Amino acid sequence: MIVRRIARPMLAGIFVWGGINALRYPSAHVPAAEPVTKPLATKTQLPDDTELLVRANGAAMVAGGALLATGKAPRLASALLLGTMVPTTATHNFWAESDPQAKAGKLTQFIKDVSLMGGLILAAVDTEGKPGVAYRAKLAGEGIERTARQARKSAAREAKLAALQAKQAVS
(Lines give C-alpha, C1' and ligand atoms only; values in the text may rest on other atoms or scores of the structure.)
Protein backbone atom coordinates (compact mmCIF):
# COMPACT_ATOMS: atom_id res chain seq x y z
CA MET A 1 0.00 0.00 0.00
CA ILE A 2 1.25 3.46 -0.86
CA VAL A 3 0.78 4.69 2.73
CA ARG A 4 3.31 2.17 4.02
CA ARG A 5 5.79 3.12 1.28
CA ILE A 6 5.61 6.73 2.38
CA ALA A 7 5.21 6.32 6.15
CA ARG A 8 8.01 3.82 6.74
CA PRO A 9 10.81 6.03 5.37
CA MET A 10 9.33 9.00 7.24
CA LEU A 11 9.45 7.06 10.51
CA ALA A 12 12.88 5.60 9.74
CA GLY A 13 14.51 8.91 8.88
CA ILE A 14 15.07 10.04 12.47
CA PHE A 15 16.72 6.73 13.33
CA VAL A 16 19.09 6.75 10.37
CA TRP A 17 20.04 10.37 11.10
CA GLY A 18 20.41 9.77 14.85
CA GLY A 19 22.38 6.57 14.27
CA ILE A 20 24.79 8.23 11.87
CA ASN A 21 25.23 11.08 14.34
CA ALA A 22 25.97 8.59 17.15
CA LEU A 23 28.48 6.73 14.98
CA ARG A 24 30.27 9.89 13.87
CA TYR A 25 30.26 11.75 17.20
CA PRO A 26 29.87 9.18 20.00
CA SER A 27 31.73 11.33 22.53
CA ALA A 28 28.98 13.97 22.26
CA HIS A 29 26.46 11.39 23.49
CA VAL A 30 28.57 9.91 26.28
CA PRO A 31 27.59 12.37 29.07
CA ALA A 32 23.87 11.77 28.51
CA ALA A 33 24.31 8.03 28.02
CA GLU A 34 26.55 7.24 31.01
CA PRO A 35 23.77 7.32 33.63
CA VAL A 36 22.08 4.60 31.58
CA THR A 37 25.08 2.56 30.40
CA LYS A 38 27.03 2.35 33.66
CA PRO A 39 24.27 0.63 35.69
CA LEU A 40 23.43 -1.51 32.67
CA ALA A 41 27.04 -2.67 32.31
CA THR A 42 27.28 -3.64 35.98
CA LYS A 43 24.05 -5.68 35.83
CA THR A 44 24.71 -7.39 32.49
CA GLN A 45 27.54 -8.79 30.40
CA LEU A 46 27.78 -5.57 28.38
CA PRO A 47 31.17 -3.85 28.27
CA ASP A 48 31.75 -0.87 30.56
CA ASP A 49 32.61 1.37 27.61
CA THR A 50 29.93 4.01 27.09
CA GLU A 51 31.36 5.23 23.78
CA LEU A 52 31.28 1.68 22.39
CA LEU A 53 27.69 1.21 23.56
CA VAL A 54 26.67 4.53 21.99
CA ARG A 55 28.23 3.40 18.71
CA ALA A 56 26.54 0.00 18.91
CA ASN A 57 23.18 1.65 19.53
CA GLY A 58 23.88 4.01 16.61
CA ALA A 59 24.73 1.12 14.30
CA ALA A 60 21.53 -0.67 15.31
CA MET A 61 19.58 2.53 14.58
CA VAL A 62 21.11 2.87 11.12
CA ALA A 63 20.53 -0.80 10.28
CA GLY A 64 16.99 -0.86 11.61
CA GLY A 65 16.16 2.47 9.98
CA ALA A 66 17.50 1.33 6.62
CA LEU A 67 15.53 -1.91 6.80
CA LEU A 68 12.35 -0.09 7.78
CA ALA A 69 12.76 2.61 5.13
CA THR A 70 13.26 0.07 2.36
CA GLY A 71 10.46 -2.20 3.57
CA LYS A 72 12.82 -5.14 4.12
CA ALA A 73 11.73 -7.06 7.23
CA PRO A 74 9.79 -4.03 8.51
CA ARG A 75 8.37 -5.82 11.55
CA LEU A 76 11.81 -7.01 12.67
CA ALA A 77 13.31 -3.58 11.91
CA SER A 78 10.62 -1.87 13.99
CA ALA A 79 11.27 -4.20 16.92
CA LEU A 80 15.02 -3.55 16.65
CA LEU A 81 14.44 0.22 16.58
CA LEU A 82 12.10 -0.07 19.55
CA GLY A 83 14.97 -1.72 21.45
CA THR A 84 17.26 1.19 20.58
CA MET A 85 14.69 3.65 21.89
CA VAL A 86 14.69 2.30 25.45
CA PRO A 87 18.16 3.54 26.44
CA THR A 88 17.74 6.69 24.36
CA THR A 89 14.46 7.59 26.06
CA ALA A 90 15.94 6.92 29.49
CA THR A 91 18.54 9.67 28.90
CA HIS A 92 15.73 12.27 28.92
CA ASN A 93 15.33 12.10 32.71
CA PHE A 94 13.21 15.22 33.09
CA TRP A 95 12.20 14.14 36.59
CA ALA A 96 15.76 14.74 37.82
CA GLU A 97 15.97 18.31 36.50
CA SER A 98 15.58 21.29 38.83
CA ASP A 99 15.88 24.00 36.16
CA PRO A 100 12.36 24.55 34.72
CA GLN A 101 13.65 25.30 31.21
CA ALA A 102 15.90 22.22 31.09
CA LYS A 103 13.08 20.14 32.58
CA ALA A 104 10.67 21.33 29.87
CA GLY A 105 13.20 20.52 27.14
CA LYS A 106 13.85 17.01 28.46
CA LEU A 107 10.11 16.42 28.93
CA THR A 108 9.49 17.38 25.29
CA GLN A 109 12.22 14.99 24.11
CA PHE A 110 10.85 12.24 26.36
CA ILE A 111 7.33 12.67 24.94
CA LYS A 112 8.70 12.68 21.36
CA ASP A 113 10.57 9.45 22.05
CA VAL A 114 7.50 7.81 23.57
CA SER A 115 5.49 8.92 20.52
CA LEU A 116 8.09 7.39 18.20
CA MET A 117 7.90 4.19 20.24
CA GLY A 118 4.14 4.13 19.64
CA GLY A 119 4.71 4.43 15.90
CA LEU A 120 7.27 1.64 16.03
CA ILE A 121 4.87 -0.61 17.92
CA LEU A 122 2.26 -0.03 15.21
CA ALA A 123 4.84 -0.80 12.52
CA ALA A 124 5.99 -3.92 14.38
CA VAL A 125 2.50 -5.43 14.50
CA ASP A 126 1.48 -4.35 10.96
CA THR A 127 0.83 -7.46 8.90
CA GLU A 128 0.18 -5.46 5.71
CA GLY A 129 -3.39 -6.70 5.53
CA LYS A 130 -2.32 -10.31 5.55
CA PRO A 131 -3.34 -12.56 8.42
CA GLY A 132 -0.67 -12.93 11.07
CA VAL A 133 0.78 -16.20 12.29
CA ALA A 134 -1.47 -16.27 15.37
CA TYR A 135 -4.60 -15.85 13.25
CA ARG A 136 -3.50 -18.53 10.80
CA ALA A 137 -2.66 -20.93 13.63
CA LYS A 138 -6.06 -20.33 15.21
CA LEU A 139 -7.78 -20.87 11.86
CA ALA A 140 -5.84 -24.10 11.29
CA GLY A 141 -6.73 -25.30 14.80
CA GLU A 142 -10.40 -24.59 14.16
CA GLY A 143 -10.19 -26.51 10.89
CA ILE A 144 -8.63 -29.51 12.62
CA GLU A 145 -11.25 -29.32 15.37
CA ARG A 146 -14.05 -29.22 12.76
CA THR A 147 -12.57 -32.20 10.91
CA ALA A 148 -12.23 -34.17 14.15
CA ARG A 149 -15.85 -33.37 15.11
CA GLN A 150 -17.08 -34.51 11.69
CA ALA A 151 -14.99 -37.68 11.95
CA ARG A 152 -16.49 -38.46 15.39
CA LYS A 153 -20.04 -37.94 14.07
CA SER A 154 -19.31 -40.07 11.02
CA ALA A 155 -17.78 -42.82 13.17
CA ALA A 156 -20.79 -42.76 15.50
CA ARG A 157 -23.15 -42.92 12.51
CA GLU A 158 -21.21 -45.84 11.00
CA ALA A 159 -21.18 -47.65 14.36
CA LYS A 160 -24.98 -47.28 14.66
CA LEU A 161 -25.44 -48.50 11.09
CA ALA A 162 -23.13 -51.46 11.71
CA ALA A 163 -24.98 -52.32 14.94
CA LEU A 164 -28.36 -52.08 13.13
CA GLN A 165 -27.08 -54.29 10.30
CA ALA A 166 -25.69 -56.79 12.81
CA LYS A 167 -29.04 -56.85 14.63
CA GLN A 168 -30.90 -57.43 11.35
CA ALA A 169 -28.49 -60.18 10.35
CA VAL A 170 -29.13 -61.99 13.65
CA SER A 171 -32.92 -61.77 13.32
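Values below: every heavy atom of this structure, side chains too, minus hydrogens, waters and symmetry copies. Here the structure is a predicted model, which means the values were calculated and not measured. We're numbering straight along the sequence, starting at 1.
- Nearest approach of Ala77 to Leu67, heavy atoms of both residues: CB-CB, 3.6 Å.
- Taking CG from Asp48 and CD from Glu34, the interatomic distance works out to 8.5 Å, rounded to the nearest 0.5 Å.
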Walk me through it: do His29 and Leu53 pass the test side chain to side chain contact (heavy atoms under 4.5 Å, CB included)? CA-CA 10 Å; His29 300 276; Leu53 294 174; over 6 Å; no
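- Under the 4.5 Å side-chain criterion, counting only non-hydrogen atoms from C-beta, Arg75 is in contact with Thr127.
- Nearest heavy atom pair, residue Ala12 against residue Gly65, reads CB-O, 3.2 Å.
- Following chains of ILVMFWY side-chain contacts shorter than 4.5 Å, one can reach Leu82 starting from Phe15, so the two form part of one hydrophobic cluster.
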Is there a salt bridge (charged side-chain N to carboxylate O under 4.0 Å, His left out) between Asp113 and Lys106 once you walk through the steps? CA-CA 10 Å; Asp113 282 0; Lys106 282 191 173 187; over 6 Å; no
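- Hydrophobic clustering (ILVMFWY, side-chain heavy atoms < 4.5 Å, transitive): Trp95 and Ile111 are in one cluster.
- Considering all non-hydrogen atoms of both residues, Thr88 and Thr91 come closest at O-OG1, 2.5 Å.
- The backbone N or O of Leu81 sits less than 3.5 Å from a side-chain atom of Thr84, completing a donor-acceptor pair.
- Checked for salt-bridge contact, Glu145 and Arg149 meet the test: a charged N lies under 4.0 Å from a carboxylate O.
- Hydrophobic clustering keeps Met85 apart from Leu80 (ILVMFWY residues linked when any side-chain heavy atoms are closer than 4.5 Å, directly or through intermediates).
- Thr37 is not listed as a side-chain neighbour of Pro87, based on a closest heavy-atom distance of 4.5 Å or more.
- At a threshold of 4.5 Å between non-hydrogen side-chain atoms, the residues Lys103 and Asp99 do not count as touching.
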After noting the C-alpha distance and the side-chain angles of Leu120 and Leu11, does the key distance pass the side chain to side chain contact (heavy atoms under 4.5 Å, CB included) rule? CA-CA 8 Å; Leu120 288 170; Leu11 181 59; 3.9 Å; yes
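- Follow the hydrophobic side-chain contacts under 4.5 Å out from Leu52 and you never reach Ile20; the two are in separate clusters.
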Evaluate the criterion side chain to side chain contact (heavy atoms under 4.5 Å, CB included) for residue pair Gln168 and Leu164; output intermediate values, then yes/no. CA-CA 6 Å; Gln168 287 176 350; Leu164 185 60; 4.1 Å; yes
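- Interatomic distance, Glu97 CD to Leu107 CG, rounded to the nearest 0.5 Å: 11.0 Å.
- The residues Arg5 and Glu128 are annotated as not salt-bridged, no charged nitrogen and carboxylate oxygen being separated by less than 4.0 angstrom.
- With rounding to the nearest 0.5 Å, the separation of NZ in Lys138 from CD in Glu142 is 5.0 Å.
- The two residues Ala22 and Arg55 come nearest to each other via the heavy atoms O-CG, 4.2 Å.
- Around the CD atom of Gln101, the shell of radius 6.0 Å holds no more than 12 heavy atoms that belong to other residues, nucleotides or ligands.
- Remark: the backbone N or O of Gln150 is not paired with any side-chain donor or acceptor of Ser154 at under 3.5 angstrom.
- Val86 and Val114 fall into different hydrophobic clusters, where Ile, Leu, Val, Met, Phe, Trp and Tyr side chains are chained together by heavy-atom contacts under 4.5 Å.
- The neighbour count for Lys38 NZ, taken as heavy atoms of other residues, nucleotides or ligands under 6.0 Å away, is above 12.
- Contact record, Ala41 with Pro47: CB-O, 3.7 Å, taken as the closest heavy-atom pair.
- The shortest heavy-atom contact between Thr44 and Leu40 is OG1-O, 2.6 Å.
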